[in-house]
Number of protein chains: 2
Amino acid sequence: MHTEPRPIEHQQADAKQLESSFKVACSNCNLRELCLPIGLSSNEMQQLDGMVATRKKIKQGGHLYSSGDAFTMLYAIRTGFFKTCVVSEDGREQVTGFQMAGEIMGLDGIVSDKHNCNAIALEDAEVCVMPFNHVEDLSRQIPMLQRHVHKIMSREIVRENGVMMLLANMRAEERLAAFLLNLLQRLHARGYSKSELILRMTREEIGSYLGMKLETVSRTFSKFSEEGIIEVKQKNIRILDHDKLKAIFNASTC
Amino acid sequence: MHTEPRPIEHQQADAKQLESSFKVACSNCNLRELCLPIGLSSNEMQQLDGMVATRKKIKQGGHLYSSGDAFTMLYAIRTGFFKTCVVSEDGREQVTGFQMAGEIMGLDGIVSDKHNCNAIALEDAEVCVMPFNHVEDLSRQIPMLQRHVHKIMSREIVRENGVMMLLANMRAEERLAAFLLNLLQRLHARGYSKSELILRMTREEIGSYLGMKLETVSRTFSKFSEEGIIEVKQKNIRILDHDKLKAIFNASTC
DNA sequence: ACGGCTACTTGATGCACATCAAATGGATAG
DNA sequence: CTATCCATTTGATGTGCATCAAGTAGCCGT
């Protein structure tokens, strides 16, 4: 899939890569506080620049990797927005996460040398491609990097613990509130507004992630809207009452 | 809790530790195929023996660690059975996993240097205590160990992906079937029967893990029993029709 | 053996969300 | 500009599981 030859774009990519061989280095990347190189000395940072083998553009709807693919690379998102999803034997799809700039993808593949989920771009995206072998090599040389890799994996484990709590214990309104607050917080860390966001995913994808049907997602948005908590215009969400959203999230007591 | 002094046992433990300072080494542990030292040379294995600082016994119901505790150690289960659970702000408890011999606990603490969940023994247990700093040091020296640590964390991520699928998409019967099959498979890898198991956890704990109420767990057990799929005697479960269990697990189509 | 405890089972009822169905509205291609 | 498509909204109805309630059975310490 998506293997149509696009020679022109390839040429552009090559040119860009040459032209900006240091501009796009980790040591210079404006995501460096979010991405792998956090907390490294400038010396170590430069060692790290070699970690990114290439960069890769993914069109909206394109697969960064698919379940079953051989695992050799980790990916750091430079721009764009992804979802990851697993598919059960009988074809049911479960969105396991949404990823944005600075986040690392591909960790699911380490255990079995095969990817365990599909990673699909929800908008045109670009990622840094990092051979995992190389990450491991550098990790052995740079303890700070080693620690950071461990933290990234641990963070993912903890995140999923939270999702389990959400799926097992919370009601539709709580789930959606938690989802919005989580997105807002992550976007805020990237310099976006705390009171506005654009959903890059459909109601169905939100529903899959939150364990509810798209109709229920829609209804819950409408309910929040009627209650003056948010304003919904298609994929554009404006937060009118951040506190009330938090209250819904925290409260079984309501 | 469980802090009553037991000097005699302590003496025994001390004696045992001295007497068997190599018997209990990783290089000699009968869990070595399941636990951290998988695939190491005997030389590397001996390096690893120093990784386990001490061992620790936990009484049934005791906490190995609690949410908020400082994180410094990983734990490898030698004997016994644990649950891990997170507690939300409003006090709802969510069991995030059940762990048995050879499995590693504590990974949730790496990201924030604090544990993010409670680890509670469901029966008397013993664990190997491994200072995480030491694990990291050795990982830098032994690439095979480094890889294995990464795989363990990745495995946990993938496992949780599966739980998300289960919680979001499956019905009560499918969840319980999946749960039983998973336990059976893991016990089988440890030399236990494929057709019999003893549940170390209560119906309520199963329910928490699977996102259903204890009454529903009980009813579903009863249903499986009526259908001749399993035999339930308290915590003892005998599998009468493994295939049918698998069919329930796989099938929305039923 | 006894009382008290906790875990579990089973039944009756209610509700949150799924399902089914239809209408609306943006977006896009011709 | 219009036709088509897909995402979304909204309404009507159904259902799987939660909730409430009561009873049973092991288990533990005395």
Side-chain angles (χ1 to χ4, degrees), chain A residues 59-61 83 92-95 120 122-124 166-179 198-227 230-237 248 251-254, chain B residues 1-2 4 59-61 83 92-95 120 122-124 166-177 179 198-227 230-237 248 251-254:
Chain A
K59 282 267 169 205
Q60 183 173 50
K83 68 170 176 180
R92 280 176 284 188
E93 177 176 302
Q94 171 64 30
V95 174
I120 298 169
L122 297 179
E123 58 180 357
D124 291 1
L166 185 143
L167 289 172
N169 280 312
M170 294 187 181
R171 288 174 308 98
E173 290 177 37
E174 301 176 70
R175 292 181 201 191
L176 195 62
F179 171 73
I198 298 173
L199 300 172
R200 302 299 176 178
M201 68 295 285
T202 66
R203 303 289 189 261
E204 186 167 17
E205 286 161 338
I206 296 171
S208 172
Y209 183 60
L210 297 178
M212 49 209 251
K213 294 292 138 178
L214 70 93
E215 293 94 330
T216 306
V217 175
S218 178
R219 271 184 248 272
T220 308
F221 271 133
S222 298
K223 180 140 188 284
F224 285 175
S225 183
E226 284 161 26
E227 288 171 349
I230 63 175
E231 196 179 289
V232 182
K233 266 201 198 117
Q234 297 288 117
K235 307 241 179 194
N236 301 281
I237 309 288
I248 290 170
S252 60
T253 45
C254 68
Chain B
M1 60 199 72
H2 300 285
E4 69 282 8
K59 282 270 169 202
Q60 183 174 50
K83 70 170 175 179
R92 280 177 283 188
E93 180 176 298
Q94 171 64 30
V95 173
I120 297 169
L122 296 179
E123 58 181 359
D124 291 0
L166 184 142
L167 290 172
N169 280 314
M170 295 188 180
R171 288 175 307 100
E173 289 178 37
E174 299 176 72
R175 293 182 200 191
L176 194 63
F179 172 74
I198 297 174
L199 300 172
R200 301 300 176 175
M201 67 296 284
T202 66
R203 304 287 189 264
E204 186 167 18
E205 286 161 338
I206 297 171
S208 172
Y209 183 60
L210 297 178
M212 49 208 251
K213 294 290 137 177
L214 69 94
E215 293 95 329
T216 307
V217 174
S218 178
R219 271 183 248 272
T220 309
F221 271 133
S222 298
K223 179 141 189 282
F224 284 175
S225 183
E226 283 160 25
E227 288 170 351
I230 64 176
E231 196 180 288
V232 182
K233 268 202 197 114
Q234 298 288 118
K235 305 241 179 193
N236 301 283
I237 309 286
I248 289 171
S252 58
T253 47
C254 72

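Naming: A, B, ... by sequence-line order, numbering from 1 per chain.
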Novice: When the distance from NZ of A/Lys213 to P of C/dT19 is rounded to whole Å, what number comes out?
Specialist: 5 Å
Novice: What's the CG-C1' distance between B/Leu210 and D/dG16, to the nearest Å?
Specialist: 16 Å
Novice: Looking at every heavy atom in both B/Gly61 and B/Ile120, which two are closest together, and how far apart are they?
Specialist: O-CG2, 3.8 Å
Novice: Please tell me which of B/Leu214 and A/Ala172 maps to the more 5' nucleotide of DNA chain C, matching each residue to the nucleotide holding its nearest heavy atom.
Specialist: B/Leu214
Novice: Nearest-Å distance, NZ (B/Lys233) to C1' (C/dA7)?
Specialist: 18 Å
Novice: Looking only at heavy atoms, what is the nearest atom pair of A/Gly207 and A/Val217, with distance?
Specialist: CA-CG2, 3.5 Å
Novice: Rounded off to whole Å, could you give me the CD1-to-P distance for the B/Ile248 and D/dG16 pair?
Specialist: 15 Å
Novice: Please classify the nucleic acid contact of B/Thr202 as base, sugar-phosphate, or nothing, using heavy-atom distances under 4.0 Å.
Specialist: sugar-phosphate
Novice: First locate atom OG1 of B/Thr220, then atom CZ of B/Arg175, and finally report the distance between them rounded to the nearest 0.5 Å.
Specialist: 10.0 Å
Novice: Does A/Lys235 reach a base, just sugar-phosphate, or nothing at all? Heavy atoms under 4.0 Å.
Specialist: sugar-phosphate
Novice: Measure CD/B/Glu204 against C1'/C/dC8 and give the value in whole Å, please.
Specialist: 11 Å
Novice: Which part of the nucleic acid, if any, lies within contact of B/Gly207, taking any heavy atom under 4.0 Å across all strands shown: a base, the sugar-phosphate backbone alone, or nothing?
Specialist: nothing
Novice: Give a yes or no on whether a donor-acceptor pair under 3.5 Å exists between the nucleobase atoms of D/dT19, that is its base, and the side chain of B/Arg219.
Specialist: yes
Novice: Do any side-chain nitrogens or oxygens of A/Thr216 fall under 4.0 Å of OP1 or OP2 in C/dA18?
Specialist: yes
Novice: To the nearest Å, how far apart are A/Phe221 CZ and D/dT9 P?
Specialist: 8 Å
Novice: For A/Glu174 and A/Arg171: C-alpha separation, side-chain torsions, deciding distance, then whether salt bridge (charged side-chain N to carboxylate O under 4.0 Å, His left out) applies.
Specialist: CA-CA 5 Å; A/Glu174 301 176 70; A/Arg171 288 174 308 98; 3.6 Å; yes
Novice: Quick one: is C/dC8 close enough that its OP1 or OP2 comes under 4.0 Å of any side-chain N or O from B/Arg203?
Specialist: yes
Novice: What is the distance, to the nearest angstrom, from the CD atom on B/Glu215 to the C1' atom on D/dG23?
Specialist: 14 Å
Novice: Check the distance between D/dT10's P and A/Lys223's NZ and give it to me in whole angstrom.
Specialist: 14 Å
Novice: May I ask you to say whether A/Glu227 pairs ionically with A/Lys223, meaning some side-chain N is under 4.0 Å from a carboxylate O?
Specialist: yes
